[in-house]
Amino acid sequence: MGPHAFQHLCDLLERFGGLEPTKHVTIEEQVAKGLYLLSHSATNSEVSFIFRRSGETISRHFHRFLRAVISMEEYFLKQPDGSQVPLEISSSNRFYPYFKDCVGALDGTHVGVKVSNKDAPRYRGRKGYPTLNVLAACTFDLRFTYVLPEWEGTASDSRIIKNALTREDKLRIPKGKYYLVDAGYMLRSGLIAPYRGVHYHLKEYSKCPPKNARELFNLRHASLRNAIERAFGVVKKRFPIIGNAQPNYSVDTQSDIILACCIIHNFLMGVDPDEELIAEVDRELERRPVPRNEEQAPMDNDEDAKRVELIRNMIAANMWSDYVTNGD
């Protein structure tokens with residue numbers, strides 16, 4: 001980040017995060033050390049050498065920095081109230097009015113963690129190594145609105161979303177609104193997944209246009225839902241410590257690190273977004289091969305799922321009718 005953004009962050013951490021200078025260390029130095037650890041995945045000894053402070057001092061200041069950042073969660077992780085249609089939807093005839101009730105995209109990502117050999121089996125999911133399964137939602141300008149970073153890698157997406165919707169600090173979905181999700185989530189109120197058994201990855205349409213309403217729906221669904229993959233990509237590239245945590249951090253601290261990185265990411269998207277970094281992530285996503293045999297949530301045929309399926313079918317039908325008529 002640039003000097004202006006850095007000083008602005010220091011001021012916010014002092015004003016809203018409760019970060020205070022010590023007798024010998026300024027707020028700016030504490031923030032600089034914290035950002036260095038996050039953005040370089042450095043060890044305490046490396047940062048100790050750079051800043052000429054003891055390892056104990058580095059660790060103490062880093063945890064103060066994390067607490068200060070997380071205390072600003074309510075200011076930088078704001079869940080949508082559904083009162084306005086996102087600009088990325090309202091300004092595009094590909095998405096509006098079909099997705100006018102969509103408030104964002106939601107998905108999970110696996111982040112590597114260091115755990116004891118005793119705990120490793122609980123965290124070793126389909127990735128084959130210990131991870132945290134992090135659930136997050138974002139708006140289409142790549143800002144996170146909800147982050148739940150505490151589930152072990154063996155937990156399924158469907159189990160995590162059920163918990164997110166009922167816990168005290170829950171994911172709140174405005175009445176009548178919804179998030180776009182992938183096939184790993186059940187079709188239910190507030191969550192609209194793509195049609196199963198129908199192509200929907202963006203790269204699959206590069207040479208072949210959609211042939212029916214379901215394919216068109218999945219194409220545009222994927223175009224919007226891609227925001228969460230882009231947001232994950234940017235925050236991981238900004239902060240290499242995510243997925244490369246040091247063994248001296250507890251799982252709770254590693255969870256705090258993920259949350260803090262998402263908060264700082266949101267701050268930077270407002271004052272110093274780094275368009276070159278975003279473009280780099282977009283290029284990497286474009287080169288990524290189309291995933292196959294993805295995990296899918298079990299089918300749910302209750303009344304709620306049937307009602308949401310009707311909504312999805314109506315969106316797809318209207319979208320296809322306009323596409324056939326207007327050719328766009």
Side-chain angles (χ1 to χ4, degrees), residues 82 85-86 88-109 135 137-140 156-158 161-162 165 173-232 282 285-286 288-328:
V85 178
E88 294 79 6
I89 292 176
S90 63
S91 62
S92 171
N93 58 12
R94 295 174 62 235
F95 304 131
Y96 188 85
Y98 321 110
F99 293 109
K100 61 183 176 58
D101 293 322
C102 178
V103 293
L106 181 148
D107 201 0
T109 188
L135 175 73
C138 76
T139 50
F140 300 110
S156 66
D157 290 340
S158 56
I161 190 63
K162 286 179 180 178
L165 291 168
I173 306 177
K175 186 176 180 180
K177 306 297 180 178
Y178 57 84
Y179 281 98
L180 299 180
V181 297
D182 68 15
Y185 297 88
M186 293 181 291
L187 197 65
R188 58 168 297 162
S189 292
L191 304 175
I192 292 187
Y195 287 101
R196 297 186 179 191
V198 178
H199 296 306
Y200 71 94
H201 287 286
L202 296 178
K203 293 179 69 175
E204 293 176 317
Y205 289 99
S206 59
K207 297 181 180 179
C208 182
K211 301 181 180 66
N212 54 52
R214 291 190 172 199
E215 286 196 358
L216 180 63
F217 176 88
N218 279 10
L219 169 61
R220 295 185 179 176
H221 180 287
S223 297
L224 279 175
R225 197 194 65 80
N226 192 46
I228 188 64
E229 297 181 13
R230 297 173 67 211
F232 281 143
D282 288 342
L285 289 174
E286 177 63 25
R288 190 174 66 181
V290 176
R292 300 296 180 185
N293 301 319
E294 292 182 299
E295 178 184 357
Q296 293 190 341
M299 295 292 289
D300 199 336
N301 294 315
D302 62 16
E303 290 303 314
D304 182 57
K306 292 177 180 178
R307 185 178 63 82
V308 178
E309 184 174 11
L310 287 175
I311 294 174
R312 182 175 65 180
N313 288 343
M314 186 179 302
I315 294 173
N318 291 337
M319 191 183 295
W320 180 250
S321 176
D322 292 342
Y323 178 80
V324 171
T325 302
N326 303 321
D328 188 13

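Residue numbers start at 1 and run along the sequence shown. From a predicted model like this one, the values you see are computed outputs, not experimental measurements.
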Side chain to side chain contact (heavy atoms under 4.5 Å, CB included) partner of Leu187, the single match among Arg196, Glu309, Lys306: Glu309

Nearest heavy-atom neighbours spanning Cys138 and Ala231: SG-CB, 4.2 Å

Mind checking side-chain hydrogen bond (donor to acceptor under 3.5 Å, both in side chains) for Asp101 and listing every partner two or more places apart, or none if nothing turns up? Lys177

Lys162: which residues meet the side chain to side chain contact (heavy atoms under 4.5 Å, CB included) condition with it, sequence neighbours left out? Met186

Within the side chain of Arg312, is there an N or O that forms a donor-acceptor pair under 3.5 Å with the backbone of Ala193? yes

Minimum heavy-atom distance Phe140-Cys102, with the two atoms named: CZ-SG, 3.6 Å

With sequence neighbours excluded, tell me which residues meet side chain to side chain contact (heavy atoms under 4.5 Å, CB included) with Thr109. Val111, Val134, Phe232, Lys236

Could you check whether any side-chain heavy atom of Leu310 comes within less than 4.5 Å of a side-chain heavy atom of Arg307, counting everything from C-beta outward? no

Which atom names give the shortest non-hydrogen contact between Leu224 and Ala105, and what distance separates them? O-CB, 4.4 Å

Side chain to side chain, Tyr98 and Ile89, heavy atoms closer than 4.5 Å: no

Would you call Tyr178 and Phe99 a side-chain contact if the rule is heavy atoms closer than 4.5 Å? yes

Could you check whether any side-chain heavy atom of Phe217 comes within less than 4.5 Å of a side-chain heavy atom of Ile192, counting everything from C-beta outward? yes

For Arg188, side chain to side chain contact (heavy atoms under 4.5 Å, CB included) partners two or more places apart: Leu165, Leu191, Asp304

With sequence neighbours left out, what residues match Asn313 under side-chain hydrogen bond (donor to acceptor under 3.5 Å, both in side chains)? Tyr195

